[in-house]
Amino acid sequence: MNDVSLETIVSLCKRRGFIYQGSDIYGGLAGTWDYGPLGVQLKRNISSLWWKTFVEDRDDMYGIDAAILMNQKVWQASGHVSGFSDPLFACENCKNRFRADHLVETWIEKHPSELEQTEHPDYNQSAETLNEYKNLFKMACPSCGQSALSDVRQFNMMFQTHVGAIQDETSVSYLRPETAQGMFVNFKNVVDSFYPDLPFGMAQIGKAFRNEIAPRDFIFRVRELEQMEIEVFIEPAGWREQFDTWLELQKQYLLALGLPESRIHQVEIGPEDRAHYSEYSVDTEFDFPFGQKELLGCAYRTDYDLTKHQAASGKHLEYRPKNGDAPFIPHVIEPTFGLDRLVLAVISSSYVEDEVNGEKRTYLKLPIHLAPVKVAVSPLLKNKPELVAKAREVYALLKKEFGAVMWDDNGNIGKRYRRQDEIGTPYCVVIDFDTLEGATIDTVTVRNRDTTEQERVKLSDLISRLR
RNA sequence: GCGGGUGUCGUAUAGCGGUUAUUAUCCCAGUUUUCCAAACUGGUGACGGGAGUUCGACUCUCCCCACCCGCACCA
């Protein structure tokens with residue numbers, strides 16, 4: 001388990017400019033968070049490593065960036081319009097809403113004799129049946145006790161909008177609840193352009209939207225999220241082997257982010273809990289400050305999506321093997337990554353408190369390739385123009401080389417170290433009088449975040465020392 | 001969505017039916033050869049939002065919003 005509290009992480013993120021409440025000055029908007037200057041850099045470093053690992057370094061992966069708004073037929077075909085919703089009764093009296101199927105099923109369990117005495121249709125989960133049961137047995141609101149329940153209403157998790165000037169059912173569209181469909185609808189395009197051998201994959205990083213009933217746990221469960229998803233198109237035979245390979249690749253990526261292996265748990269999802277498109281799923285869970293929760297998913301989507309889209313669109317979505325075998329619809333393995341959750345995992349697991357000279361010190365033990373600031377450069381004294389000028393030179397040199405370099409001349413040197421520690425800067429470079437003259441001319445102090453040790457480094461060796 | 005809790009400078013906090021709204025830290029401008037949050041001087045900055053009660057509300061009441069903890073939900 002992680003011993004740092006979520007509250008501590010939230011406070012640090014706000015104070016140091018990683019993550020702010022969305023729409024902050026208006027009191028916020030539930031389930032939305034804004035990334036500040038350091039947060040966006042950290043997030044970008046995480047997603048860049050992902051893109052490099054899974055797209056650039058492979059020769060069987062095709063990156064895309066599909067539109068968030070899609071033809072509503074996409075979501076009808078994918079099953080999200082009907083399947084991405086729960087049947088609810090709303091109480092006209094107290095305005096509470098309840099899962100209709102749960103309510104009816106619970107009632108049936110508790111009232112077997114009443115059920116026997118009255119003629120009733122066979123139970124199923126259709127809206128029609130749920131309404132009949134509710135009316136026939138005069139079911140009451142579990143909250144206020146009044147028999148004032150509405151007929152079934154669907155609460156869909158998708159945000160709905162209208163495209164164009166006319167707002168009717170033909171102009172309905174949705175903010176995508178997953179990026180995956182952008183890849184399925186482009187499957188034919190990519191095959192036509194590149195004609196890759198199976199197996200090959202499509203990859204995408206982008207926003208997705210879910211109208212969660214209860215956003216929770218900081219950036220863990222949110223209404224606007226960023227996904228990094230891969231659809232791997234395969235021949236169905238031997239799917240399990242490839243599935244396991246991808247599970248392992250997911251784990252390797254987490255280790256490359258510096259996440260401790262002891263906090264990573266891969267858990268098979270039971271049939272009851274799987275998504276409507278999935279025949280087999282394994283979640284990769286992580287020990288967050290609020291417990292072990294889902295970080296990544298991997299699902300065997302079979303040929304569900306392409307088959308649905310082929311039927312609905314009327315377009316051929318089969319893959320035609322180059323050896324002349326019969327065309328078929330490829331099956332799909334989907335490794336999916338929650339980018340915001342990865343940011344939270346990285347920050348919360350790299351949070352360290354220790355003691356330096358008897359005083360508490362807080363630092364983020366970020367891997368150097370993820371740190372939003374690689375190096376901070378300081379003149380020892382900010383009121384000595386010769387030190388400042390030399391420090392500016394060094395700063396310009398490092399900035400050109402590394403980019404993510406920060407100028408810091410605030411307060412005294414100890415304060416700067418502590419401040420850089422808290423945002424996870426691996427190295428601080430300090431220019432002092434010894435840099436300017438004597439036997440130590442053109443050397444600087446390099447201070448290490450994790451050990452707090454300092455060493456004297458020649459300017460000519462500085463870049464290679466920091467790389 | 002239900003139940004419980006919380007909401008005061010960026011952060012962490014004190015307080016009261018009438019205050020110049022406390023303290024620390026951060027931040028800003030200075031002084032100081034200042035290498036692990038040194039000291040000193042000066043400065044900016046807050047009662048989540050809206051109604052109501054009251055002569056007067058940060059304080060009491062109601063509604064809303066947000067966050068936290070349980071439950072439910074998580075295609």
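Note: hydrogens, waters and symmetry copies are ignored here, and every other heavy atom, side chains too, is used. Letters go in sequence order (proteins before strands), and every chain restarts at 1.
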### Query
Looking at A:Tyr280 versus A:Phe243, is the centre-to-centre ring distance below 6.0 Å?
yes
### Separation of B:A37 P from A:Arg16 CZ (nearest whole Å)
15 Å
### A:Arg210 CZ - B:A75 C1' separation (whole Å)
8 Å
### Message
Of the listed nucleotides (B:C74, B:G10, B:C35), which one gets closest to any side-chain atom of A:Arg15?
### Response
B:G10
### Query
Which nucleotide sits closest to the side chain of A:Asn412: B:A37, B:A38, B:C27?
B:A38
### Task
Could you check which of B:C26, B:A75, B:U33 has an atom nearest any side-chain atom of A:Leu381?
B:U33
### Query
Taking the six-membered ring for Trp, are A:Phe233 and A:Phe187 ring centroids under 6.0 Å apart?
yes
### Task
Output the single nucleotide from B:U33, B:C35, B:A75 whose closest atom is nearest the side chain of A:Lys384.
B:U33
### A:Asn410, nearest nucleotide to its side chain (from B:A37, B:C35, B:C27)
B:C27
#### Entry: Salt-bridge present (A:Glu224, A:Arg210; N to O < 4.0 Å)
no
### Heavy-atom pair with the smallest gap, counting every atom of A:Ala208 and A:Gln227
CB-OE1, 3.7 Å
### Message
Closer than 4.0 angstrom, basic N to acidic O: yes or no for A:Glu455 and A:Arg447?
### Response
no
### Task
Go along nucleotides 63-71 of chain B 5' to 3' and tag each nucleotide: B for a protein heavy atom under 4.0 Å from its base, S when only backbone or sugar atoms are that close, - otherwise.
--SSSSBBB
### Task
With P as the reference atom in both, quote the distance from B:C63 to B:G4 in angstrom, rounded to an integer.
12 Å
### Message
Quick check on salt bridge (charged side-chain N to carboxylate O under 4.0 Å, His left out): which of A:Lys365, A:Arg449, A:Arg361 does A:Asp354 satisfy it with?
### Response
A:Arg361
### Message
How many whole angstroms separate atom CG of A:Leu387 from atom P of B:C35?
### Response
13 Å
### Query
Do NZ/NE/NH1/NH2 and the carboxylate oxygens of A:Lys390 and A:Glu393 come within less than 4.0 Å?
yes
### Message
Can you tell me how the ring of A:Phe288 sits relative to the ring of A:Phe220, calling it parallel under 30°, perpendicular over 60° and tilted otherwise?
### Response
perpendicular
### Query
A:Leu175 CG to B:A75 P: how many Å, rounded?
19 Å
### Task
Would you mind checking if A:Arg301 and A:Glu279 are paired as a salt bridge, meaning a charged N to carboxylate O distance below 4.0 Å?
no
### Task
For A:Glu359, report the nucleic acid contact type (base, sugar-phosphate, nothing); a contact means any heavy atom under 4.0 Å.
sugar-phosphate
### Query
On a whole-Å scale, what distance lies between the C1' atoms belonging to B:C47 and B:G7?
10 Å
## Note on the structure
By nearest-heavy-atom nucleotide on RNA chain B, the more 5' of A:Ile413 and A:Arg274 is A:Ile413
### Query
How long is the line joining CZ of A:Arg301 and P of B:A75, in whole Å?
12 Å
### Query
Can you check whether A:Lys382 has a side-chain N or O nearer than 4.0 Å to OP1 or OP2 of B:U32?
no
### Message
Work out how far the P atom of B:A46 is from that of B:G17, and round it to whole angstrom.
### Response
24 Å
### Query
Expressed as a whole number of Å, how far does the P atom of B:U41 sit from that of B:G50?
39 Å
### Task
Using the C1' atom on both, measure B:A12 against B:U6 and round to a whole Å.
15 Å
### Message
Can you measure A:Arg176 atom CZ to B:A75 atom P for me and round it to whole angstrom units?
### Response
19 Å
#### Entry: Distance between P atoms of B:G48 and B:A57 (Å, rounded)
16 Å
### Task
Dot-bracket notation for RNA chain B is requested: 5' to 3', Watson-Crick or G-U wobble pairs only, both distances under 3.5 Å, with ( ), [ ], | and . as defined.
(((((((..(((.....[....))).(((((.......)))))....(((((..]....))))))))))))....
#### Entry: A:Tyr304 OH to B:A75 P, straight-line distance once rounded to whole Å
14 Å
### Query
Can we call the ring centroids of A:Phe337 and A:Phe54 under 6.0 Å apart?
yes
### Message
Under a 4.0 Å threshold between the charged nitrogen and the carboxylate oxygen, would A:Arg456 count as salt-bridged to A:Asp461?
### Response
no
### Task
Check every atom of B:A38, B:C35, B:A12 against the side chain of A:Asp432 and return the nucleotide holding the closest atom.
B:C35
### Task
Pick the C1' atom in B:A39 and in B:U33, then give their distance to the nearest Å.
15 Å
### Query
Looking only at atom P, what distance separates B:C9 and B:G45, rounded to whole Å?
14 Å
#### Entry: Separation between CD of A:Glu386 and CG of A:Leu381, rounded to the nearest 0.5 Å
9.0 Å
### Task
Starting from C1' on B:U11, measure out to CZ on A:Arg419 and report it in whole angstrom.
14 Å
## Note on the structure
Checking B:A75, B:C26, B:C73 against the side chain of A:Ile213 (C-beta onward), the nearest is B:C73
#### Entry: Listed nucleotide nearest any side-chain atom of A:Lys14, set B:G10, B:C26, B:C35
B:G10
### Task
Please state whether the phosphate of B:A12, meaning OP1 or OP2, lies under 4.0 angstrom from any side-chain nitrogen or oxygen of A:Ser11.
yes
### Query
Nearest to the side chain of A:Arg221, which nucleotide is it out of B:A37, B:C74, B:C35?
B:C74
